[in-house]
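Below, all heavy atoms of this structure are taken into account, side chains as well, without hydrogens, waters or symmetry copies.
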Amino acid sequence: MNLRTLALCAAVAASFAFGSVQAKEPVEPQPATPLTYVNPAYHKITPDVAKKMMESEKVVILDVRTPEEVKTDGYIKGSVNVPLDQLKPGVKLEAAPDLNQKILVHCKSGVRAEKASKILVETGYKNVYNFYGTLQWPFGLTK
């Protein structure tokens, strides 16, 4: 191994060790903060995958933005608005009483959707999908 290759390997290893290399999400724009939650019941999916699930499966679409955001920006057709601050660990969603129900969660960028997903998983939901937010949703919003 030559000196240049060795220096490059050391730089890459250092960047991982100090956390300066972050995994890029498969959407644009990127969420404001990194999405780091990991659990077997939690999945991050692209808006394209979410749209296909909405068209072919029985899913609950959960919008965790504020009512003001929904009114101002519009909403994804078929979604249920339960703001993040109203979700409580241990409390089932009225729209999804079955803990095995597939729940597609979104906000504006994906950050609050991840926080909401964590609460849902803590509640016992087994199939929670964060599909980021309205910023990344290319299929239009209803007003």
Side-chain angles (χ1 to χ4, degrees), residues 4-143:
R4 183 180 172 139
T5 303
L6 187 58
L8 179 61
C9 289
V12 170
S15 65
F16 277 109
F18 293 107
S20 63
V21 173
Q22 304 252 342
K24 187 173 177 179
E25 298 296 333
V27 293
E28 289 298 335
Q30 291 290 295
T33 60
L35 304 183
T36 59
Y37 181 57
V38 176
N39 187 291
Y42 171 70
H43 315 277
K44 294 186 289 184
I45 59 174
T46 63
D48 289 341
V49 171
K51 177 85 165 144
K52 288 176 185 159
M53 289 175 73
M54 291 173 195
E55 294 170 347
S56 65
E57 301 179 44
K58 186 175 184 332
V59 298
V60 172
I61 307 163
L62 183 64
D63 182 340
V64 298
R65 297 175 299 151
T66 66
E68 294 77 22
E69 286 174 289
V70 173
K71 185 177 179 183
T72 302
D73 301 335
Y75 58 92
I76 294 171
K77 189 175 180 180
S79 63
V80 176
N81 180 230
V82 180
L84 175 62
D85 64 0
Q86 292 181 13
L87 292 175
K88 306 292 180 221
V91 179
K92 290 183 186 178
L93 295 171
E94 189 175 308
D98 179 359
L99 294 175
N100 292 309
Q101 175 69 52
K102 289 183 179 179
I103 303 174
L104 307 183
V105 186
H106 78 89
C107 58
K108 187 170 185 171
S109 71
V111 176
R112 285 176 288 174
E114 182 170 84
K115 291 175 184 175
S117 296
K118 184 176 181 187
I119 292 169
L120 294 170
V121 169
E122 288 172 359
T123 298
Y125 287 97
K126 309 269 189 282
N127 300 292
V128 180
Y129 298 82
N130 178 350
F131 69 103
Y132 301 94
T134 55
L135 289 176
Q136 298 94 351
W137 183 254
F139 306 106
L141 299 174
T142 302
K143 286 217 172 190

Student: Let me see the working for Ile119 and Leu84 under side chain to side chain contact (heavy atoms under 4.5 Å, CB included), right down to the final yes or no.
Tutor: CA-CA 9 Å; Ile119 292 169; Leu84 175 62; 4.1 Å; yes

Student: Report the C-alpha distance between Thr36 and Val38 in whole Å, list the side-chain angles of each, state the deciding distance to 0.1 Å, and finish with yes or no for side chain to side chain contact (heavy atoms under 4.5 Å, CB included).
Tutor: CA-CA 6 Å; Thr36 59; Val38 176; over 6 Å; no

Student: Do any N or O atoms from the side chain of Glu55 and from the backbone of Lys52 form a donor-acceptor pair under 3.5 angstrom?
Tutor: no

Student: Hey, could you give me the CZ/CD1 distance between Phe131 and Ile45, rounded to the nearest 0.5 Å?
Tutor: 7.5 Å

Student: Rounded to the nearest 0.5 Å, what separates atom OH in Tyr132 from atom CD in Gln30?
Tutor: 8.0 Å

Student: Pair Asp85, Thr66 - check side chain to side chain contact (heavy atoms under 4.5 Å, CB included), show working.
Tutor: CA-CA 9 Å; Asp85 64 0; Thr66 66; over 6 Å; no

Student: Would you say the side chain of Tyr125 lies within less than 4.5 Å of the side chain of Leu93, judging by non-hydrogen atoms?
Tutor: yes

Student: Taking only Lys NZ, Arg NE, NH1 and NH2, and the carboxylate oxygens of Asp or Glu, determine whether Lys118 and Glu114 approach each other closer than 4.0 Å.
Tutor: no

Student: Is the shortest side-chain heavy-atom distance between Tyr42 and Asn130 below 4.5 Å?
Tutor: yes

Student: I'd like to know if Lys108 and Glu69 make a salt bridge, using a cut-off of under 4.0 Å between side-chain N and carboxylate O.
Tutor: no

Student: Is atom CD of Glu28 surrounded by more than 12 heavy atoms (other residues, nucleotides or ligands) closer than 6.0 Å?
Tutor: yes

Student: To the nearest 0.5 Å, tell me how far Asn127 CG sits from Met53 CE.
Tutor: 8.0 Å

Student: Does the side chain of Ile76 come within less than 4.5 Å of Leu141's, by heavy atoms?
Tutor: yes

Student: Could you tell me whether the side chain of Tyr37 reaches within less than 4.5 Å of the side chain of Lys115, counting heavy atoms only?
Tutor: no

Student: Looking at Lys92 and Gly90, would you say the former's side chain and the latter's main chain have a donor-acceptor pair under 3.5 Å?
Tutor: no

Student: Write down the atom of Ala95, the atom of Val80, and the distance for their closest heavy-atom approach.
Tutor: CB-CG2, 4.1 Å

Student: What's the separation between atom NZ in Lys126 and atom CG in Asn39, rounded to the nearest 0.5 Å?
Tutor: 10.0 Å

Student: Can you tell if the side chain of Phe139 reaches within under 4.5 Å of the side chain of Asp48, non-hydrogen atoms only?
Tutor: yes

Student: Less than 4.5 Å apart, any side-chain heavy atom of Pro83 and any of Arg65?
Tutor: no

Student: Where the side chain of Lys143 meets the backbone of Thr72, is there a donor-acceptor pair that is under 3.5 Å apart?
Tutor: yes

Student: Let me see the working for His106 and Trp137 under side chain to side chain contact (heavy atoms under 4.5 Å, CB included), right down to the final yes or no.
Tutor: CA-CA 10 Å; His106 78 89; Trp137 183 254; over 6 Å; no

Student: So do Val111 and Leu35 actually touch side chain to side chain, heavy atoms under 4.5 Å?
Tutor: yes

Student: What's the spacing between Arg112 CZ and Asp63 CG if we round to 0.5 Å?
Tutor: 8.5 Å

Student: Count the heavy atoms of every other residue, nucleotide or ligand shown that sit under 6.0 Å from NZ of Lys58, and state whether that count exceeds 12.
Tutor: no

Student: Would you call Leu120 and Leu62 a side-chain contact if the rule is heavy atoms closer than 4.5 Å?
Tutor: yes

Student: How many angstroms lie between CD in Glu122 and NZ in Lys88, if you round to the nearest 0.5 Å?
Tutor: 12.5 Å

